[in-house]
Amino acid sequence: MAARLNPTAKKLIRQSRNKKDALIPLLQDIQAIYGYVPSEAVDLIAKELSIFPVEIYGILTFYTQFYLTARGRYTIKVCQGTACHVMGGKEILDYLSDKLGIRKGETTPDGMFSLERVACLGCCGMAPVIVVGSDFYGRCSIQKIDELLDKYRSKRAKKVK
Ligand code: FES
């Protein structure tokens with residue numbers, strides 16, 4: 001669904017009028033608001049900064065920090081660095097992909113989880129490693145995955161009540 005830009009986003013973009021140097025920080029700010037950069041934001045940024053939308057999409061697709069679609073409530077990052085790969089990181093990624101019914105870069109239809117593969121997270125001694133939202137899990141196993149998914153689903157259920 002298309003995101004309608006909120007007043008904060010519009011104000012941020014208009015404050016950067018004709019400041020091409022502000023493009024990347026501006027995209028970061030927009031993503032901080034929405035969790036991704038909506039196409040409506042790209043259109044307004046292009047207009048205000050006098051650049052072509054295709055240039056903005058070039059940046060958005062070049063830098064892995066940016067997303068063009070809405071992210072799940074929790075992004076699951078599965079480390080695929082060498083140590084994690086050797087210790088079963090690939091099997092964990094495949095299992096999550098099957099279990100959630102999504103591939104890397106995608107989000108579950110209920111908006112709960114997005115799945116990503118990432119390079120070394122810098123804690124190889126804890127391999128294999130995954131990160132769910134901002135929570136880190138070392139020495140992960142396929143057996144732990146179901147428990148983790150249930151944990152985050154029940155967190156959401158409690159918040160909804
Ligand atoms: S390879 Fe996974 S943390 Fe280094």
Side-chain angles (χ1 to χ4, degrees), residues 1-3 6 8-9 12 16 21-42 45 53-161:
M1 183 191 291
N6 65 34
T8 305
L12 273 171
S16 300
D21 292 351
L23 178 58
I24 289 180
L26 179 58
L27 292 171
Q28 289 168 331
D29 289 343
I30 295 299
Q31 183 158 286
I33 293 171
Y34 294 99
Y36 70 109
V37 181
S39 59
E40 292 81 357
V42 171
I45 291 169
V54 69
E55 293 176 66
I56 300 172
Y57 283 115
I59 286 167
L60 291 173
T61 52
F62 180 79
Y63 292 104
T64 55
Q65 64 174 295
F66 292 119
Y67 302 111
L68 288 165
T69 54
R71 310 302 295 162
R73 183 178 191 87
Y74 300 104
T75 296
I76 303 175
K77 296 177 180 169
V78 186
C79 182
Q80 298 294 290
T82 305
C84 287
H85 187 83
V86 168
M87 297 297 284
K90 172 78 168 65
E91 288 74 20
I92 288 173
L93 181 62
D94 289 345
Y95 183 76
L96 274 164
S97 183
D98 284 348
K99 186 87 187 170
L100 298 173
I102 56 174
R103 289 173 296 182
K104 64 183 169 61
E106 294 180 341
T107 298
T108 53
D110 64 359
M112 267 301 278
F113 299 108
S114 295
L115 185 60
E116 286 182 11
R117 57 175 290 165
V118 292
C120 180
L121 290 163
C123 43
C124 311
M126 301 287 285
V129 173
I130 74 168
V131 177
V132 184
S134 55
D135 303 329
F136 164 95
Y137 298 95
R139 298 197 176 90
C140 210
S141 65
I142 284 174
Q143 291 72 25
K144 282 187 189 171
I145 296 295
D146 290 333
E147 285 172 33
L148 284 178
L149 294 179
D150 287 346
K151 174 181 159 182
Y152 285 93
R153 285 197 173 107
S154 67
K155 261 190 188 184
R156 182 178 192 179
K158 281 180 193 157
K159 282 185 183 168
V160 170
K161 282 180 191 170

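In each ligand, atom 1 is the first atom listed, and ligand 1 is the first ligand listed.
The distance from atom 2 (Fe) of ligand 1 to the nearest N/O/S atom of Cys120 is not under 2.8 Å. Atom 4 (Fe) of ligand 1 has no N, O or S atom of Cys123 under 2.8 Å away, backbone or side chain.
At a threshold of 4.5 Å between non-hydrogen side-chain atoms, the residues Arg153 and Phe113 count as touching. Side-chain contact between Leu149 and Ile76 is present, with heavy atoms from C-beta onward closer than 4.5 Å.
The ligand atoms of ligand 1 that sit less than 4.0 angstrom from a heavy atom of Ala83 are 1 (S). Annotation for ligand 1: atoms under 4.0 Å from non-hydrogen atoms of Cys84 are 1 (S), 2 (Fe), 3 (S). For ligand 1, the atoms lying closer than 4.0 Å to a non-hydrogen atom of Gly122 are 3 (S).
In terms of heavy-atom proximity, Val37 sits nearest to Leu27 at CG2-O, 3.9 Å. Between Pro25 and Asp21, the shortest heavy-atom distance links the atoms CD-O, 4.0 Å.
Between Glu116 and Tyr67, the side chains place a donor N or O and an acceptor N or O closer than 3.5 Å (distance only, hydrogens not considered).
Annotation: Tyr63, atom OH; neighbour count of heavy atoms from other residues, nucleotides and ligands within 6.0 Å does not exceed 12.
Counting heavy atoms closer than 4.0 Å to ligand 1, residue Cys79 contributes side-chain atoms (C-beta onward) but none from N, CA, C or O.
Of the candidates Thr82, Leu121, Val118, it is Leu121 that places a heavy atom closest to atom 3 (S) of ligand 1.
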